[in-house]
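Throughout, numbering of the chain's residues begins at 1 and tracks the sequence. Nothing here was measured: the structure is a model prediction, and the numbers come from that model.
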Amino acid sequence: MRTAYIPLFSGLLLPLLAAQSSQTRTTTLNGLHVSGNQLVYDSGNVVHLQGVNRSGTEYACVQGWGIFDGPNDAQSVQAIRSWNVNVVRLLLNEDCWLDINGINSSYAGVNYQNAIVNYVNLLHSYGMYAEISLIWGAPGTYEATDQPDAPDEDHSPAMWASMAATFQNDPNVILSPWGETTTGWTCFMQTGCDNEATYGPNNDYYQTAPMQQAVDVMRAAGYHGVISIPCIDYANMCGTLPNGTEYDGSTGLKSRPSDPDNQLVAEAHVYGKNLCDTGACFNSSMKPIAQVVPMIFGETGETDDASDCGSSYISKFMTWADKNGVGYEAWTWDNWGGCGVLISNYNGTPSSPWARWVRRHYLSR
């Protein structure tokens with residue numbers, strides 16, 4: 001969980017360009033799949049994911065001024081690739097994708113879906129995988145104006161089915177049915193619940209939809225690729241604490257969904273000042289999972305409140321991840337200003353010391 005500036009308007013929204021950059025593109029991607037505790041392509045070549053989040057597509061549409069925040073053309077994608085990025089996490093809004101709850105039709109339904117698909121294809125053409133993650137939703141007739149406690153039974157299953165059908169023939173994506181939850185293991189992973197997640201001005205409880213349902217729905221819709229399942233407590237707590245206590249009475253390994261295709265990866269979000277932000281916690285909580293299934297730090301940055309522009313946290317996080325075969329996607333390729341973003345402009349200029357450290361680290365690999 002991070003504190004981030006989410007703009008209410010944007011002065012820059014560029015169409016996807018048909019013309020491509022003159023820069024030579026990278027080799028065609030060859031698909032991703034899970035093999036043991038590794039992500040591999042082809043006949044077993046290991047993929048180490050190092051990437052960025054691209055925020056905007058979760059909020060611009062519901063705020064009524066666009067789909068992307070910032071450019072989504074070939075030049076901007078080339079700038080991302082110039083950091084030696086091989087995966088981009090793209091964030092989705094339930095209402096915009098499904099065209100419900102009064103979203104401006106220019107930025108919803110088929111228009112929104114096509115924009116996402118076109119951008120994913122553009123990422124692929126520059127040698128980058130895509131993690132496509134639902135993070136903003138809302139129950140009933142509420143607009144999806146932020147990330148609630150958990151996916152909702154009202155709309156999220158339909159969203160998952162549509163995401164799966166859309167990307168069922170794309171082996172170069174990872175689908176993530178949710179971003180960050182505040183509910184417990186059983187509710188989030190297995191059963192759903194009607195007494196842990198709230199929404200709206202009166203904080204009314206709503207029925208949630210669990211990750212097991214997400215996996216079942218996506219498989220039934222024809223998607224047989226990789227699915228990323230986040231941990232609990234804003235995706236930061238994955239299991240046993242350094243003192244030996246199981247967080248919330250269980251672990252990600254014990255609570256995770258079952259998958260007939262055996263194509264699940266575990267996802268954690270890691271920032272300085274999180275409950276789990278030390279090597280000792282990673283070793284007790286995350287390492288046991290990473291020894292069994294692939295793991296990704298789906299979000300990571302220097303601090304969760306954007307209060308520090310240094311690199312003391314991020315350097316430890318990524319060094320630990322490298323040693324333990326864990327991938328990572330830094331937050332975020334946006335130019336909002338402050339210490340919570342990677343860039344000061346969409347040409348890819350690092351915005352802070354920690355962003356410069358990330359760029360150097362990526363280019364060194």
Taking only residues two or more places apart in sequence or in another chain, which ones pass side-chain hydrogen bond (donor to acceptor under 3.5 Å, both in side chains) with Glu196? none
Common cluster, Leu275/Met286, ILVMFWY with side-chain heavy-atom separation under 4.5 Å: yes
Within the structure provided, determine whether Glu299 and Arg89 are in side-chain contact (heavy-atom separation under 4.5 Å). yes
What distance do Asp73 atom CG and Gln78 atom CD have between them, rounded to the nearest 0.5 Å? 10.0 Å
Distance col, row Ile227:CD1 vs Met163:CE, nearest 0.5 angstrom, shows 9.0 Å
Check whether any side-chain heavy atom of Tyr142 lies under 4.5 Å from a side-chain heavy atom of Pro148, and answer yes or no. no
Asn347: which residues meet the side-chain contact (heavy atoms from CB on, under 4.5 Å) condition with it, sequence neighbours left out? Gln75, Asn345
Sequence neighbours excluded, which residues qualify as side-chain contact (heavy atoms from CB on, under 4.5 Å) partners of His361? Met318, Asp322, Tyr328, Trp357, Ser364, Arg365
Just by distance, do the side chain of Thr57 and the backbone of Leu91 share a donor-acceptor pair under 3.5 Å? yes
Counting N and O atoms only, with roles assigned by atom type, does the side chain of Asp248 sit under 3.5 Å from a partner on the main chain of Trp185, one being a donor and the other an acceptor? yes
Hey, could you give me the CD/CH2 distance between Gln147 and Trp178, rounded to the nearest 0.5 Å? 5.5 Å
Any donor-acceptor pair under 3.5 Å linking the side chain of Glu131 with the backbone of Val87? no
Residues passing the side-chain hydrogen bond (donor to acceptor under 3.5 Å, both in side chains) test with Glu302, sequence neighbours excluded, are Ser312
For residues Ile289 and Val226: do they belong to one hydrophobic cluster (side chain heavy atoms under 4.5 Å, members Ile, Leu, Val, Met, Phe, Trp, Tyr)? no
Pairs in or reaching into residues 204-266: which pass disulfide (SG to SG under 2.5 Å), with residues at least two apart or in two chains? Cys231-Cys238
Do any N or O atoms from the side chain of Asn101 and from the backbone of Asp95 form a donor-acceptor pair under 3.5 angstrom? no
Could you tell me whether the side chain of Glu94 and the main chain of Ala144 form a donor-acceptor pair under 3.5 Å? no
Closest contact, heavy atoms only, Gly298 versus Glu267: CA-OE2, 3.5 Å
Under a 3.5 Å threshold, yes or no: a donor from one side chain and an acceptor from the other, between Asn53 and Ser55? no
Leu92 versus Tyr112: any side-chain heavy-atom pair under 4.5 Å? yes
Heavy-atom side-chain contact between Thr303 and Tyr271 under 4.5 Å: no
Is there a path of hydrophobic side-chain contacts, each under 4.5 Å between heavy atoms of I/L/V/M/F/W/Y residues, joining Val293 to Val47? no
Would you list the pairs meeting disulfide (SG to SG under 2.5 Å) in which at least one residue belongs to residues 124-213, sequence neighbours left out? Cys187-Cys193
Taking only residues at least two apart or on different chains, which pairs with a member in residues 326-365 satisfy disulfide (SG to SG under 2.5 Å)? Cys309-Cys339
Taking Ile229 as the starting point, is it possible to reach Val292 by hopping between hydrophobic residues whose side chains are less than 4.5 Å apart? no
Keeping the roles fixed (side chain from Asn324, backbone from Val326), state whether a donor-acceptor pair exists under 3.5 Å. no
Kindly say whether Ala108 contributes a backbone atom to a donor-acceptor pair with the side chain of Asp99 at under 3.5 angstrom? no
For His124 and Leu29, work out which heavy atoms get closest and say how close. ND1-CD1, 3.7 Å
Starting at CE of Met189, measure out to OG of Ser250 and round the result to the nearest 0.5 Å. 8.5 Å
Does the plane of the ring in Tyr59 sit parallel, tilted or perpendicular to the ring in Trp65? Use 30° and 60° as the thresholds. tilted
What verdict does the side chain to side chain contact (heavy atoms under 4.5 Å, CB included) test give for Thr251 and Thr240, after you've listed the backbone C-alpha separation in whole Å, the side-chain angles of each residue and the deciding distance to 0.1 Å? CA-CA 7 Å; Thr251 69; Thr240 304; 3.9 Å; yes
With a 4.5 Å heavy-atom cut-off, do Pro177 and Met159 have their side chains touching? no
For Thr300 and Val270, which heavy atoms make the closest approach, and how far apart are they? OG1-O, 2.8 Å
Disulfide (SG to SG under 2.5 Å): which pairs involve residues 41-119, sequence neighbours left out? Cys61-Cys96
How many angstroms lie between atom CG of Leu241 and atom SG of Cys281, to the nearest 0.5 angstrom? 6.0 Å
Trace of the side chain to side chain donor-acceptor pair (under 3.5 Å) decision for Gln190 with Ser255: CA-CA 7 Å; Gln190 293 295 335; Ser255 302; over 6 Å; no
In Phe282, Phe297, Trp354, the residue satisfying ring-ring contact (aromatic ring centres under 6.0 Å, His included) with Phe317 is Phe282
Run the side-chain contact (heavy atoms from CB on, under 4.5 Å) test against Val40 and tell me which residues pass, sequence neighbours left out. His33, Ser35, Gln38, Val46
Under a 3.5 Å distance rule, please check whether Asp152 uses its side chain to pair with a backbone N or O of His155 as donor and acceptor. yes
On a heavy-atom basis, the closest approach of Pro230 and Gly179 is CB-O, 3.5 Å
Go through Gln263 and Arg219 one step at a time and tell me if the side chain to side chain contact (heavy atoms under 4.5 Å, CB included) criterion holds. CA-CA 11 Å; Gln263 292 296 302; Arg219 297 309 185 210; 3.4 Å; yes
Between Val173 and Phe167, what is the shortest heavy-atom contact and its length? CG2-CB, 4.0 Å
Hits for side-chain hydrogen bond (donor to acceptor under 3.5 Å, both in side chains) against Thr166, two or more places apart or cross-chain, chain-then-number order -> none
Contacts of Asp204 that satisfy salt bridge (charged side-chain N to carboxylate O under 4.0 Å, His left out) - sequence neighbours left out: none
Say whether, by atom type as modelled, one donor and one acceptor occur between the side chain of Asp149 and the main chain of Thr183 under 3.5 angstrom. no
What pair of heavy atoms forms the shortest contact from Tyr234 to His269, and how long is it? O-CB, 3.7 Å
With sequence neighbours left out, what residues match Tyr129 under side-chain hydrogen bond (donor to acceptor under 3.5 Å, both in side chains)? none
Do Leu123 and Tyr346 belong to the same hydrophobic cluster, where Ile, Leu, Val, Met, Phe, Trp and Tyr are linked whenever their side-chain heavy atoms lie under 4.5 Å apart, directly or via other members? yes
